[in-house]
Structures are given as structure tokens and as C-alpha cells.
Amino acid sequence: MGLRRGLWNYRSIALIVLAPLLLLPLPLVIGTKEAECAFVLLLMATYWMTEVIPLPMTAMLPAILFPAFGIIKSSHVAKEYFKDFHFLLVGVICLATSIEKWGLHRRIALRLVTMVGVNPAWLMLGFMSGCAFISMWVQNTSAVAMVMPIVEAVLQQILKAKEEGCVGEDNPGLQLDVMKSERKFLCWVMFYTSVVLHVAVPQPGALSRCKRDLMMCKAMCLGIAYSSNIGGISTLPGTSPNLIFSEYLNQVYPNCNCINFANWLVLCLPISVIMLLLTWIWLYWLFFGSDFRFLCQRGGEQSQKEAAARKVIEEEYRSLGPMSSQEIVTAVVFVTMVLLWLTRAPGFMPGWASLFPHHMGYITDATVALLLGLLLFIIPAYGPSRKYGEYTHNAMISWDNFQALMPWKVALLVGGGFALAEGTKESGLSLWVAELLTPLGDLPVLATIAIACIIVTTVTEFASNAATITIFLPILSPLAEAIHVNPLYVLIPTTLCTSYSFLLPVSNPPNAIVFGYGHITIMDMVKAGLGVNVIGVLATLLAVTTWGVPLFSLDTYPDWAPLLPEFNSTAP
């Protein structure tokens with residue numbers, strides 16, 4: 001293991017040195033501002049995709065290289081590293097901190113599970129729905145970390161339940177057994193996951209498991225990992241690519257006021273529901289077979305394993321006790337935040353932001369999130385019975401609680417992306433890319449979008465979601481302008497597809513966490529993830545070509561987007 005770690009570190013150092021040396025001809029030979037900016041872009045893309053140095057430190061490169069190349073002054077670059085996005089992120093994390101601190105997430109997840117029943121298929125749907133709902137409001141990684149311990153407790157009780165025989169038919173073509181040829185590769189991936197990602201990898205339990213039990217564990221774990229990403233796309237603060245896209249749009253197209261929490265939810269919530277249901281059916285078919293009679297059999301006598309699962313869930317729910325005052329306050333703040341987001345500027349009617357007619361555009365979703373996040377630092381958690389002060393802190397959340405959950409590396413990474421986008425604009429690289437991509441206008445628009453979605457979905461399997469969208473936004477935006485298509489028509493589906501990283505444990509942290517429980521193999525995740533990727537891309541294309549068109553006027557070229565010289569009309 002020490003030798004492998006040494007070789008990995010040596011390869012990382014070699015890549016850190018060789019990447020800029022191989023790209024040096026751009027600034028030295030060509031020497032234009034576009035080439036110098038391309039050098040920064042390609043170097044950052046290489047480091048981000050390989051993660052040879054920490055992602056946030058790679059995001060600092062524009063602050064060093066843009067002033068050195070004379071593209072942007074250092075003082076101007078610094079302004080790009082803190083935007084409205086960061087205020088929204090702070091407010092959302094305040095709410096997520098309170099939800100996790102007072103256990104509201106456990107109550108929501110367990111309640112949803114008890115509503116659907118303990119049949120393996122319905123139990124999987126219940127946990128997937130709970131995880132997806134939680135990930136709409138907190139980070140995907142946090143959602144999985146909250147739900148997975150509950151799932152593991154239920155699975156362990158099911159595995160311990162003694163029942164003669166194994167119900168169900170074998171599915172030899174699709175059961176994804178651990179083959180001998182996979183074991184060596186599996187050990188390497190477990191090493192990579194534990195050493196590079198610092199994720200603890202427990203060994204699989206030694207319990208004797210029949211085929212159907214093993215398949216249930218695999219399906220349940222994969223369902224949790226996938227549902228966190230599926231739920232996260234539903235809301236703007238649900239996942240970092242959505243927030244990055246929203247802030248990029250405000251920066252590059254300042255006159256575009258067509259993206260807000262309400263219309264994004266209208267577009268993406270149906271996508272999440274469709275993906276969640278189809279993913280559930282796909283995983284059931286893949287691991288249990290084609291017997292879907294359970295859809296019509298909600299009642300009936302429960303097996304010993306189902307009774308064991310129900311007992312665990314009921315005990316977990318009873319252990320929570322009655323809903324505490326802290327949970328009620330958190331729930332009220334949560335509902336208030338969502339309602340204020342939905343009604344700020346819904347589009348089809350005047351929102352409450354119109355009450356400030358002289359300050360239109362001044363109030364954003366970040367204003368709401370910060371206000372309610374601040375209240376959580378003020379509202380007493382235990383009432384007047386305890387002293388309220390610095391050393392006997394009595395608020396709903398403390399700074400230490402917040403800081404433990406605040407993803408500072410994401411904040412820095414996103415800031416680097418905004419600086420990079422500004423550099424491509426100032427240097428003229430974005431216009432050069434737009435002219436280069438003009439011939440793509442000869443292809444059908446849907447084909448161009450589909451190709452972009454497939455490319456992004458492929459890249460995001462090997463690079464972090466935030467890094468992927470940060471790299472592609474400055475490329476895809478000029479592409480849309482070059483082919484004279486509404487930029488939202490290209491940017492929205494590709495932003496969503498950035499979250500479809502379902503193939504590998506290292507594709508995103510939720511996959512790594514679930515893989516660490518030891519119930520699934522690499523091939524399980526690859527075979528299941530391929531199907532979910534296809535489902536995601538098709539559902540996204542369906543949405544943007546149907547209800548997305550009237551929602552965002554995607555069939556017209558907007559006046560807030562620049563009109564390139566070679567075009568002289570506003571029709572697509």
C-alpha cells in the first residue's frame with residue numbers, strides 16, 4: 001500500500017509539472033490574449049479533472065495568471081471570487097445545519113418510509129423519496145450521510161431475520177454477482193476510495209445472505225446514491241452546478257432575469273419525479289427481475305424479514321419522540337424560506353418583490369436565505385429558561401455548527417470559475433470560440449444539445465460536478481450564441497446533466513459513501529449507472545423540448561443575449 005501511494009504521488013507531481021510545460025507554446029509562441037487565456041483554461045481543466053492538487057487551490061490560478069498575463073487586474077479578479085451565489089449558499093447551509101442538528105431529516109425520512117410500507121420494492125422507493133426530498137434543500141453528500149445509516153440499520157435487521165428458502169426467481173443475466181476477475185480491481189478501487197478520498201471503507205458483513213437478500217442490499221444502496229443527485233437538481237440551491245449556472249447567467253447576461261427558484265422548480269421537479277420513478281423501476285428490474293406484481297399487492301401477510309424491517313423503522317421513529325420545539329422552529333423557517341422563494345417573482349403574477357417598485361432587481365433569493373439564516377443564529381433554542389449569552393449559547397445554531405457544514409472549498413471553486421469566465425470574456429477567447437463553433441449551426445438544434453449533454457455526462461464521471469460545469473459554461477455559452485440559439489436551451493440541459501455522475505464510486509461523494517458500506521461492487525454501479533444516465537439525459541431532453549419551451553421562451557433568441565455580427569435577424 002505504501003508503494004502504491006508513493007507511485008500515485010509521483011505521478012501527481014509529474015502531471016503538475018508537465019501540464020504547464022506542454023501548454024507553454026500557447027502564451028510563448030502564439031502570444032495573443034486569447035491564447036494566454038486558453039493556457040489558463042486548459043491548465044485549470046487538467047488540474048480539476050485529475051485533482052492532482054486540491055480543487056480550491058486550482059481555482060486560485062486566475063488570481064495569479066490573469067494579472068501576470070495582463071488580462072485582468074488583480075483587484076478586478078478578486079471581485080469575482082465572492083458573488084451573490086455565496087450569500088445564497090451561506091443561507092442554505094444555515095438551514096441545513098439546523099435540520100441536521102435537531103434531527104428533522106431523520107423524522108422526514110422515516111415518515112416517508114412508513115408511508116410506503118416495508119415490502120422490499122416499496123421500502124426502496126420510500127428511502128429514495130426521502131433522500132431525494134432532503135437533497136433538494138441540503139447538499140447531496142449530506143443527504144446521503146443522513147439517510148444511509150438508517151438504511152444500513154434496516155438492511156442489517158433484514159439480513160439477520162431467519163426465513164427458510166429465498167423468495168423470488170434467479171436472474172442470472174442481470175444479478176451482477178461479484179466475479180473473481182473483478183476482485184483485484186475492486187480492491188484497488190477500495191484503496192483509492194479510502195486513501196485519496198479519505199472515505200472509510202468497512203468490510204461487508206459476514207452474515208449468510210441468500211441471492212435475493214444480496215440483490216436487495218445492492219438495489220437499496222444504489223437507490224440512495226442516485227436519488228440524492230436526482231433530488232438535488234429540482235431546486236437551485238439543491239446542488240452546486242445549479243447555483244454555479246445561476247450565478248454565471250447573472251454575470252454573463254446581466255439583463256437575463258428569467259431564472260428564479262419558482263420557474264426552476266416548475267421545470268426540474270417533474271424531471272426529478274420521472275427520473276426517480278424510472279430509476280426505481282430500473283433498479284428493481286435489474287436486481288430483482290421482471291416480476292412487478294408487487295405494484296398491485298400493497299396488503300397481505302408480511303414475511304419475517306418485512307416484519308423485522310418494520311420493527312426497526314418503527315423503533316427508530318419512536319426513539320425520536322414527539323416533535324420538539326426546535327424541530328418545529330426549523331420546519332417553520334424551512335417552509336417560510338421555500339414560500340418566499342416561490343413567491344418572490346413567480347413570473348405568471350407579480351410577486352412580493354413588486355412591493356419594492358423603486359428597488360426592482362435588488363432583492364434576490366440570496367436575500368431571503370441570508371435573512372432566515374440569520375434568524376437561526378438569533379432565535380433561542382430552549383426558550384427563556386436558559387441564559388442567552390456567548391458562553392451559554394442558546395440559539396438554534398452556533399457558528400461552530402455552521403462552520404462544520406459550510407463547504408468552503410465549493411465557495412472557492414465557484415469563485416475561480418467566475419474569474420475564469422470573466423477572463424474568457426475580457427481576453428476575447430469566448431468570441432473566438434463562438435466563431436469557431438459557428439458551423440455547428442448546420443446541425444439540428446436538438447442534436448447539438450444532445451451531443452453537449454452526452455459529453456458533459458461523460459466528463460462528470462471522472463471530474464467533480466462543480467469543476468465540470470465551471471469548465472463547460474464558458475464553452476457552451478459561446479456555442480449557443482454561435483448557432484443563434486437561446487443560451488438557456490443549451491445551458492439548462494447541460495447543467496442538469498452535470499449532476500448525472502452515476503457510474504463510479506469516485507464520480508461524486510455520495511457514490512463513494514454508499515460504496516464504502518461494502519454491499520456493492522464496481523460493476524454493480526457501472527451497469528446500474530449506465531441505465532440511470534440514459535434515463536436522465538432522455539428525461540432532460542424531454543423537459544426542455546416540451547414544457548421548458550414556453551416556460552423560458554426557448555424557441556426565440558432573447559434580446560438579453562448578444563447578437564453576433566454574422567446574424568442579422570432574431571429568429572432561430
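Both backbone and side-chain heavy atoms feed into the values below; hydrogens, waters and symmetry mates do not.
Between V77 and A63 the shortest heavy-atom distance is CG1-CA, 3.7 Å. Across all their heavy atoms, C453 and V537 have their closest contact at CB-CG1, 4.4 Å. Across all non-hydrogen atoms, the minimal contact from L473 to P478 is O-CD, 4.2 Å. L276 and M128 get closest at one heavy-atom pair: CD1-CE, 3.9 Å. Here the closest heavy-atom approach between residue M44 and residue A59 is recorded as CE-CA, 4.1 Å. When every heavy atom of C258 is checked against every heavy atom of N263, the shortest pair comes out as O-ND2, 2.7 Å.
In this structure, the side chain of N511 engages the main chain of S501 through a donor-acceptor pair within 3.5 Å. Judged by distance alone, with hydrogens and angles left aside, the side-chain atoms of W282 form a donor-acceptor pair with the main-chain N or O of A528 at under 3.5 Å. Remark: the backbone N or O of I72 is not paired with any side-chain donor or acceptor of E426 at under 3.5 angstrom. Judged by distance alone, the side chain of T239 and the main-chain N or O of I233 form no donor-acceptor pair under 3.5 Å. Within the 3.5 Å criterion, the main-chain N or O of T97 finds no donor-acceptor partner in the side chain of N401. In this structure, the side chain of N533 does not engage the main chain of G536 through any donor-acceptor pair within 3.5 Å. N242 places no side-chain N or O within donor-acceptor distance of the main-chain N or O of P237, the cut-off being under 3.5 Å. Judged by distance alone, with hydrogens and angles left aside, the side-chain atoms of Y226 form a donor-acceptor pair with the main-chain N or O of G529 at under 3.5 Å. Not one N or O on the side chain of Y489 forms a donor-acceptor pair closer than 3.5 Å with the backbone of I449.
Listed by chain and residue number, nothing satisfies the ring pair (Phe, Tyr, Trp, His ring centres under 6.0 Å) test with F472 (two or more places apart in sequence, or in another chain). Residues that satisfy the side-chain contact (heavy atoms from CB on, under 4.5 Å) test with I454, not counting sequence neighbours, are T458. Partners of F87 by ring pair (Phe, Tyr, Trp, His ring centres under 6.0 Å), not counting sequence neighbours, listed by chain and number: F82. Partners of P270 by side-chain contact (heavy atoms from CB on, under 4.5 Å), not counting sequence neighbours, listed by chain and number: W547. Take F334 and apply the ring pair (Phe, Tyr, Trp, His ring centres under 6.0 Å) test, not counting sequence neighbours, and it matches W137. Remark: S477 pairs with Y253 by the side-chain hydrogen bond (donor to acceptor under 3.5 Å, both in side chains) rule, at least two apart or across chains.
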> Would Y81 and H86 satisfy side chain to side chain contact (heavy atoms under 4.5 Å, CB included), going step by step from the backbone distance to the final call?
Replying inline: CA-CA 9 Å; Y81 279 86; H86 296 88; over 6 Å; no
>> Determine whether T330 and S98 satisfy the following criterion, side-chain hydrogen bond (donor to acceptor under 3.5 Å, both in side chains), listing intermediate values before the conclusion.
In response: CA-CA 6 Å; T330 302; S98 185; 2.7 Å; yes
> After noting the C-alpha distance and the side-chain angles of C94 and I397, does the key distance pass the side chain to side chain contact (heavy atoms under 4.5 Å, CB included) rule?
Replying inline: CA-CA 8 Å; C94 288; I397 60 174; 4.0 Å; yes
> Under the side chain to side chain contact (heavy atoms under 4.5 Å, CB included) criterion, do L340 and L372 qualify, and how do the steps go?
Replying inline: CA-CA 10 Å; L340 289 176; L372 295 177; 4.3 Å; yes
>> If you apply the rule side chain to side chain contact (heavy atoms under 4.5 Å, CB included), what do you find for L479 with T448, and how did you get there?
In response: CA-CA 10 Å; L479 167 63; T448 303; 4.3 Å; yes
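Y500 is not listed as a side-chain neighbour of T460, based on a closest heavy-atom distance of 4.5 Å or more. Put simply, the side chain of I492 reaches to within 4.5 Å of the side chain of W264, judged on heavy atoms. Between E422 and F66, the closest side-chain pair of non-hydrogen atoms is not below 4.5 Å. Counting only heavy atoms from C-beta outward, the side chains of L104 and M323 approach each other to under 4.5 Å. Side-chain atoms of P510 and M148, non-hydrogen and from C-beta on, never get closer than 4.5 Å to each other. Side-chain atoms of T235 and W341, non-hydrogen and from C-beta on, never get closer than 4.5 Å to each other. A 4.5 Å side-chain heavy-atom check between F552 and P558 finds every atom pair outside the cut-off. No side-chain heavy atom of F502 sits less than 4.5 Å from a side-chain heavy atom of T457.
In this structure, OG1 in T470 is found 13.0 Å from CZ in F245, a value given to the nearest 0.5 Å. E80 CD to E247 CD: the interatomic distance, rounded to the nearest 0.5 Å, is 9.0 Å. Remark: I259 CD1 to S246 OG distance equals 7.0 Å, nearest 0.5 Å. The CZ atom of F402 sits 12.0 Å away from the CG atom of L95 when rounded to the nearest 0.5 Å. If you take OH on Y382 and OG on S325, they are separated by 9.0 Å, rounding to the nearest 0.5 Å. I99 CD1 to R107 CZ: the interatomic distance, rounded to the nearest 0.5 Å, is 13.5 Å.
Side chains of N465 and T498: a donor-acceptor N/O pair is absent below 3.5 angstrom, by distance only.
By the 30° and 60° cut-offs, the orientation of the rings of W399 relative to F377 is tilted.
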